[in-house]
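One structure is given here, and the rest of the page talks about it.
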Amino acid sequence: QSFVNEPLQETVATISLPSALHSFFPPGETDTTRVQFQFYGTHDLFQVLSFNSFYSFILFSFVGITKGPKTEEVYLMCVFVSGGQGGWNSRGCETHSISSNQTSCLCDHLTHFAVLLVSHSDSQILTVISYIGCGISSIFLGITLLTYLAFEKLRRDYPSKILINLSVSLLGLCMLYLLNSWFSSFSNYGVCIATAATLHYFLLASFTWMGLEAVHMYFALVKVFNTYVPSYILKFCAVGWGIPLLIVSLVLAIDKDAYGSNMSDEAAVTLDCWLQNDSFFYATVVAFILLILVFNTCVFIVVLIQIRQMKANKPSANSKSSLHDLRAVASLTVLLGLTWSVGLFSFGPGRVVLLYLFTIFNTVQGFFVFLFHCLMKENVRKQWRIHLCCGRFRLSDYSGGVSEPVCVIQKTLCESFSLRFMFRLYMERCRHYIMTVFNAQLNG
């Protein structure tokens, strides 16, 4: 269809409609049909904090718009006011820079439109940080998985098995994020939906396993008695991988078009293939993550109180003990994903700073998993020295190591023979032992 390419002289905005629009009018009523346009000279009714500033008046519908020249530090984006949750959305609009003084917006629907002036600097830096951080996390998560899968002694206990599942989900999340642009470049509708749904699945799986880490910590350190669960890890796997699959399946069954591609030309900070429906996004991503973070924060506080009470029964801590406690807190923060809560406070004057912290901490979460649960763990380093080192750095397989948690075995036997009441005192001692092993695992 043909459009008017040149704007009228001395005009701020020009609207051009395709001639094929007449075919949608009822027969015989072409001359009586009205198309109404509204121009807003101020953006007071359209306050959205997602973008830096307005570049044009707000229009009901437009194709061409002219105003002052743009600078190299910013780019222009054609957007419209999204219904429901509000906010600006670029879906269905293409941005074309005709000249330094004119920007053309080609949109396939009619609503309130505007041209936004968006800063390149922060969005580009955050995008680069995200890709670098996810790349680093992918490498070290791969090393972590290879370590725990190759050495059988490292994956005998429950925490190690949970860590392996968490690492798999985080690795899938990082890899899908890195490959998202490549998959979207195929411009294939089915591929984009599959990419967005898989990315959504690994995001939910990652947070589900973070929540299961908190559940296991609560069972092991707080609710020590009467906590034997048959097929413990099998049930954890059913929850950790099943709940995200159920949520994604429901979204696909209700509206598969909820997944798709963001068609904006220069929205570099936005995922290409992702959830495009605001209702599904807030219900299945924001609410789900918020629920997990609230639960993990509560468990984190309870565990810290338990550790403090255990420390109260020991002599006064020295500087080395304080350093171990700090490492334990950092390790718990990484395992429970508490750094993601920074995103909840990324608004107001400190929004940019918090976005940088959010991006840095969360994209390198996989590296921190490797740091605290491979590099700083003594039993992992011993396995490396036994199987990977040579010469004087090689360690004998019979050089000793961390003892097995015998208390857990005794506790299981007690549950099996219904003799728990005879071991109350012994279980209290087990509780102290588990705390000691737990601190040893966290502090290496």
Side-chain angles (χ1 to χ4, degrees), residues 134 137-138 141-142 144-145 148-149 155 158-180 182-184 186 188-219 229-262 271-296 299 335-337 340 343 362-363 365-366 369:
C134 286
S137 290
S138 298
L141 284 169
T144 302
L145 284 172
Y148 278 86
L149 294 176
R155 60 176 189 271
Y158 290 158
S160 298
K161 294 176 181 178
I162 297 174
L163 180 67
I164 290 173
N165 285 275
L166 175 60
S167 298
V168 170
S169 61
L170 286 174
L171 180 60
L173 178 62
C174 292
M175 292 301 296
L176 260 295
Y177 180 85
L178 293 173
L179 297 174
N180 194 298
W182 182 65
F183 283 126
S184 65
F186 292 105
N188 185 289
Y189 179 71
V191 171
C192 190
I193 289 181
T195 302
T198 308
L199 183 64
H200 188 200
Y201 174 77
F202 277 113
L203 177 66
L204 297 180
S206 298
F207 276 93
T208 305
W209 279 105
M210 292 176 201
L212 292 175
E213 283 276 9
V215 171
H216 176 73
M217 289 180 186
Y218 177 80
F219 284 160
V229 179
S231 304
Y232 188 74
I233 292 299
L234 184 61
K235 291 179 179 177
F236 266 43
C237 288
V239 173
W241 300 111
I243 290 180
L245 181 62
L246 177 62
I247 293 175
V248 173
S249 299
L250 285 175
V251 174
L252 288 171
I254 296 173
D255 182 14
K256 63 180 177 58
D257 293 329
Y259 297 109
S261 175
N262 190 319
L271 287 174
D272 297 290
C273 294
W274 181 235
L275 269 173
Q276 302 299 324
N277 187 294
D278 291 338
S279 300
F280 284 115
F281 174 76
Y282 285 105
T284 65
V285 176
V286 177
F288 186 85
I289 291 177
L290 185 61
L291 181 64
I292 295 292
L293 289 178
V294 170
F295 174 74
N296 287 8
V299 173
L335 278 182
L336 302 181
W340 288 83
N362 295 321
T363 55
Q365 185 179 5
V369 169

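All heavy atoms count here, side chains included; hydrogens, waters and symmetry mates do not.
When every heavy atom of Val191 is checked against every heavy atom of Asn188, the shortest pair comes out as N-OD1, 3.0 Å. Between Met210 and Leu170 the shortest heavy-atom distance is CE-CD2, 4.0 Å. Contact between Ser137 and Gly366 at its shortest, heavy atoms only, is OG-N, 3.3 Å. A pairwise comparison of heavy atoms in Tyr148 and Arg155 identifies O-NH1, 3.2 Å as the closest pair. In terms of heavy atoms, Ser138 sits closest to Cys174 at OG-CB, 3.3 Å. Across Leu178 and Cys134, no two heavy atoms sit closer than the pair CD2-CB, 3.8 Å.
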Using the side-chain contact (heavy atoms from CB on, under 4.5 Å) rule, take Leu291 and Phe207 through it: C-alpha gap first, then chi angles, then the decisive distance, then the call.
CA-CA 10 Å; Leu291 181 64; Phe207 276 93; over 6 Å; no
Stepwise side-chain contact (heavy atoms from CB on, under 4.5 Å) test for Leu163 and Leu335
CA-CA 8 Å; Leu163 180 67; Leu335 278 182; 3.8 Å; yes
Apply the test side-chain contact (heavy atoms from CB on, under 4.5 Å) to residues Leu204 and Ile243: give CA-CA distance (whole Å), side-chain angles for both, the deciding distance (0.1 Å), then the verdict.
CA-CA 8 Å; Leu204 297 180; Ile243 290 180; over 6 Å; no
Using side-chain contact (heavy atoms from CB on, under 4.5 Å), reason through Ile162 and Ile233 one step at a time and then give a plain yes or no.
CA-CA 8 Å; Ile162 297 174; Ile233 292 299; 4.0 Å; yes
Working note: Trp241 + Asn165, criterion side chain to side chain donor-acceptor pair (under 3.5 Å); need CA distance, chi angles, decisive distance, verdict.
CA-CA 9 Å; Trp241 300 111; Asn165 285 275; 3.0 Å; yes
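The side-chain hydrogen bond (donor to acceptor under 3.5 Å, both in side chains) search around Gln365 returns Trp340, not counting sequence neighbours. Under the ring-ring contact (aromatic ring centres under 6.0 Å, His included) criterion, Phe295 pairs with no residue, sequence neighbours left out.
A distance below 2.5 Å between sulfur gamma atoms is met by Cys273 and Cys192.
Annotation: side chain of Phe202 is not in contact with side chain of Met175 (no heavy-atom distance under 4.5 Å). The shortest distance between side-chain heavy atoms of Ser167 and Leu171 does not fall below 4.5 Å. In this structure, the side chains of Pro159 and Met217 stay at 4.5 Å or more apart for every pair of heavy atoms. For the pair Trp274 and Asn180, the minimum side-chain heavy-atom distance is 4.5 Å or more. A 4.5 Å side-chain heavy-atom check between Trp209 and Cys237 finds at least one atom pair inside the cut-off.
In this structure, CG in Leu149 is found 10.5 Å from OG1 in Thr144, a value given to the nearest 0.5 Å. Going from atom CZ of Phe280 over to atom CG of Leu275 covers 8.5 Å, rounded to the nearest 0.5 Å.
The closest donor-acceptor contact from the side chain of Asn296 to the backbone of Ala214 lies at 3.5 Å or more, if one exists at all.
No option in Asp255, Leu250, Val248, Ile254 other than Val248 meets the side-chain contact (heavy atoms from CB on, under 4.5 Å) test with Leu252.
Between Trp182 and Phe186, the ring-plane angle classifies as perpendicular under the 30° and 60° cut-offs.
Less than 6.0 angstrom separates the ring centroid of Tyr158 from the ring centroid of Tyr232.
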